[in-house]
Amino acid sequence: IANTEEKSMETIKKEMRDVQKTFGVSLDDVSETFYQVISATVDTEHAAENVNVAMKMATGGFADASVAVQGLTTAYQAYNKMGYDSARLGDILAMTQKLGKTTINEISGSLGQAIVYASSLNLSFEDLGASIAVLTSNGADTSSSMVYFTNALKSIIQPSVQAKKAFDELGVAYGASAISDAGGLENYLINLKAAVGLSKEANAQLSEMIVSNKWGDEETLEYLQSAEGMKFMGGAGANIDKLLSMFKNIRGGTAIISLLNNVDKFDRFRTQMNIENSEGELDRISDTMMNTAQKQFDKLTENINVIKDQIGDQLLQQLLPFLKIVEGWVDKISKWMDSMPQDQLNELFSNVIKFTAATGIMMIVGQILTTAAGILKVVNIISSPLVKLITSTLAAQEASSTTTAATNIAGAAGTSAGAAGATGATTATGAAGMAAGLAGSIALGVGALAGATAGINALYENTYNNDADKWAKIK
């Protein structure tokens, strides 16, 4: 899904390895993160930048990588067009975690509920972060805070007929431009608080009543409109009625009421969200977590894995000529076997089984299979000259059409490969000597199997036309 016109696959591969080394995360996990980011943002050019931010969010925000990606890409899709890059979004989320009673993991999991309406109202991401921090610091859990705040924003942008009447009676603006026209959420809250006329004490009492869930919505509203309730709230019952009508119900008004009661806290938190105070916050919390012993060990492990992958890539390049030859042989042999009578096939493979049992090839193959887990550890011992030796020998056989040549190749390749490993085992010391010895075993197996393949190819060359006389000689 990557747009290779924006960035080549080779560049993306290098960026993926850089992330793997930086954060000590497996290449499979890094690949999945790149996929999710590019899929969600359709932005290959900035994929590496976005992935790095997501990984920092996961590390410093106690989050699963997929959840961090979900939160970041949701914010990125809505706010990138407003001039926010992923680094800025990450810093604001990190500051929200610092100021509120929440985590990046919790925010990312429920951010989508509020962000649609927040961006529609042109609410800055700083205002959104400060609101979440205030609501969670006041005791509401993150998920509930998101639900309440979403309902409040929805009531401002899409008020009901009854709500519009209450807005108009109090002289409070509503609609998509209401908050931006007021100069931001803080100014809107100040205007709303003045219009409702609640004292700080009355607002605090109302907030406590709602948070404690003393009554249901209808019971609370009925109480507040009663003489006792109006006295309890300082005589402002009528305006509370309007406030609750504007924001539909007690539950929907919880966020607004809590924010109205904490305008001063919102102002402090909003100041902390400004770039001069929050820039680099995500790096700070991520670096703190990356300095743990476990993370350092993970980084070391993945740096070693990157080196292995790089060696494997180079080895594969050396093997390509050999693989191309074998590919041609496989195609020929497949066609030959398709055209061969069943009785000849039976005789051929009966002899092949006897041959492999007699020469010990099966034992060699078994040894290779049982030591496969160690191949990566010694891949650097199997040098390119050895691969070239096998390749050149097999290439020479391609020109031959006799079974004698096939036999000679099997011996030459197997002996030379074994000698290469034996030399390594003799000259190396300690663990390196053991690695070279294992490489010799593998090389011997490669040589022997190459010889067997060459022998089958020679059989094909001499029986291609199902010539009975030649077949008899080969048997």
Side-chain angles (χ1 to χ4, degrees), residues 40-41 54 57 61 63 67-84 86 88-160 163 174-180 182 184-189 192 210-211 246-260 262-263 265-266 269-270 272-273 278:
T41 63
M57 286 170 56
V67 177
V69 168
Q70 176 187 341
L72 177 64
T73 55
T74 298
Y76 187 84
Q77 287 174 304
Y79 280 91
N80 181 245
K81 59 188 177 184
M82 294 170 63
Y84 292 84
S86 58
R88 182 76 191 113
L89 295 171
D91 283 338
I92 293 172
L93 288 171
M95 184 59 74
T96 303
Q97 174 178 280
K98 178 180 179 179
L99 298 175
K101 292 181 180 179
T102 184
T103 65
I104 287 176
N105 185 66
E106 293 172 331
I107 297 169
S108 296
S110 55
L111 189 59
Q113 301 175 41
I115 210 161
V116 174
Y117 292 103
S119 59
S120 296
L121 283 162
N122 290 316
L123 188 72
S124 71
F125 201 64
E126 290 87 347
D127 278 352
L128 179 57
S131 299
I132 297 169
V134 169
L135 294 173
T136 57
S137 68
N138 286 345
D141 63 76
T142 305
S143 180
S144 297
S145 295
M146 287 293 188
V147 172
Y148 297 157
F149 192 59
T150 299
N151 287 337
L153 296 179
K154 187 176 180 180
S155 296
I156 294 172
I157 197 173
Q158 296 175 345
S160 65
Y174 57 86
S177 63
I179 292 178
S180 57
L185 182 58
E186 182 177 354
N187 287 339
Y188 187 84
L189 292 173
L192 178 59
I210 293 172
V211 172
M246 291 160 64
F247 295 98
K248 296 187 178 181
N249 53 54
I250 293 291
R251 294 297 112 197
T254 298
I256 286 295
I257 293 170
S258 180
L259 290 171
L260 288 177
N262 291 277
V263 173
K265 181 190 284 188
F266 181 89
F269 284 7
R270 180 61 180 80
Q272 289 300 306
M273 296 290 171
S278 61

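One-based numbering along the sequence shown.
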Closest approach of A114 and F149, non-hydrogen atoms and distance? CB-CD2, 4.5 Å
On a heavy-atom basis, which atom in I179 and which in L185 lie closest, and how many Å separate them? CG2-N, 3.5 Å
Partner residues of S108 under the side chain to side chain donor-acceptor pair (under 3.5 Å) criterion, sequence neighbours left out: none
Less than 4.5 Å apart, side chain to side chain, heavy atoms only: is that true for V67 and M57? no
For T74, which residues count as a side chain to side chain donor-acceptor pair (under 3.5 Å) partner, sequence neighbours excluded? none
Measuring only between side-chain heavy atoms, which start at C-beta, is Y84 closer than 4.5 Å to I92? yes
What's the shortest heavy-atom distance between S120 and I157, and which atoms? CB-CD1, 3.6 Å
Excluding sequence neighbours, so at least two apart, what forms salt bridge (Lys or Arg N to Asp or Glu O under 4.0 Å) with E126? R88
Locate the shortest heavy-atom distance separating Q77 from A40; write the atom from each residue and the value. NE2-O, 2.5 Å
Would you call T136 and E106 a side-chain contact if the rule is heavy atoms closer than 4.5 Å? no
For the NZ atom on K101, are there more than 12 heavy atoms of other groups (residues, nucleotides or ligands in this structure) within a distance under 6.0 Å? no
With respect to M273, which candidate in L99, D127, L128 satisfies the side-chain contact (heavy atoms from CB on, under 4.5 Å) definition? L99
Nearest heavy-atom neighbours spanning L121 and G175: CD2-O, 3.3 Å
Compare every heavy atom of L123 with every heavy atom of Y79, then report the nearest pair and how far apart it is. OH-O, 2.7 Å
Check whether any side-chain heavy atom of Y148 sits under 4.5 Å from a side-chain heavy atom of I256, and report yes or no. no
Is any side-chain heavy atom of F125 less than 4.5 Å from a side-chain heavy atom of L93? yes
